[in-house]
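When a ligand or atom number is given, it counts from 1 through the structure's own listing order. Model, not experiment: these values are computed from the prediction.
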Amino acid sequence: MNYGTYLRTVSIDLKLAHWLKNELGSAHDKVQVINLGCGSDLRMLSFLASYSNIEWIDLDYEEVVTFKATILQNNAKFRAALRIEGKRPEDSPSFENVITGRYKLLPCNIIDNEQLTPILRQYSNSDVPTVILTECVLCYLDETKASDLITTITNIYKDGYWISYDPIGGSGSNDRFGSIMQDNLRESRQLNMPTLMVFNSEDKYKDRFPGTSYIETMWDYYQNQLDEAERQRLKTLQFLDEIEELQVIFSHYVICCTSWNFKPSH
Ligand SMILES: C[S@@+](CC[C@H](N)C(=O)[O-])C[C@H]1O[C@@H](n2cnc3c(N)ncnc32)[C@H](O)[C@@H]1O
């Protein structure tokens with residue numbers, strides 16, 4: 001694991017854990033976490049084990065979900081941790097989504113509202129406090145589709161918290177980070193990040209969300225949130241000779257946390 005992956009994982013985990021511990025009315029209150037574009041992320045395992053009040057929904061394209069579900073369903077430890085019952089995929093003629101009491105892994109194109117809204121209505125409760133995770137996902141979506149997604153989600157859930165992690169292109173006049181990244185991604189992986197240069201600064205990224213938002217770059221996170229002992233520990237795990245290079249890279253990744261509460265006041 002390199003510095004970037006470490007910071008990305010730890011910062012999201014700590015923001016989520018902090019919110020669960022401090023922002024819920026009571027530690028026993030029900031809460032649901034919805035990971036949009038979950039990929040192969042397995043952080044639901046540790047959160048479901050640590051917080052008995054959580055229900056977790058992972059959504060991604062069908063092929064990603066099928067791959068992840070096959071791995072979860074075929075592995076005894078994952079089956080036990082998630083309480084997956086029924087046949088293993090290798091013993092079963094047809095594929096089944098993972099749907100257990102507290103965990104759902106479902107195929108969904110998250111920018112297709114005709115898929116997304118019915119799934120959320122069926123498998124989640126709009127009255128329950130809800131955490132949305134988008135980790136390196138919004139950057140891949142078209143600007144209007146991403147904006148519609150944010151509107152849809154914040155309209156469904158009255159009380160929510162959105163943790164989003166993404167690269168930003170950079171807004172300085174000499175900043176070529178974003179354009180170089182876009183060129184490299186197109187050439188090497190035929191991938192497009194349509195909004196990398198649209199939401200290219202912390203303020204622009206944060207302002208796409210309604211409610212109260214807090215954003216920081218991974219460089220700020222590295223400088224301010226990690227204590228010296230942890231920074232030293234990291235240095236022993238990965239040799240680091242170019243701190244300036246690290247600063248340039250980390251200044252172009254952000255974690256943004258947005259809270260909203262549209263519950264009617266009595
Ligand atoms: C870079 S990966 C990040 C995966 C995961 N969030 C993580 O950080 O480990 C982006 C993920 O978003 C998913 N994704 C992108 N657009 C999507 C869409 N329209 N509907 C569902 N999933 C989507 C991709 O399939 C992929 O799994």
Contacts for ligand 1, heavy atom under 4.0 Å, by chain and number, are Arg8, Gly37, Cys38, Gly39, Asp60, Tyr61, Val64, Cys108, Asn109, Ile110, Ile111, Glu135, Cys136, Val137, Tyr140, Leu141
Any idea which heavy atoms bring Val128 and Gln32 closest together, and the distance? O-NE2, 3.6 Å
Below 4.0 angstrom, N of the basic side chain to O of the carboxylate: do Lys68 and Asp60 qualify? no
Does the side chain of Ser164 pick up a donor-acceptor pair with the side chain of Thr134 at under 3.5 Å? yes
Is it true that Ser213 and Tyr205 share a donor-acceptor pair across their side chains at a distance under 3.5 Å? no
Pairing of Lys204 and Asp207 as salt bridge, 4.0 angstrom limit: no
Hey, which of Leu120, Asp159, Ile34 is the one that makes side-chain contact (heavy atoms from CB on, under 4.5 Å) with Thr130? Ile34
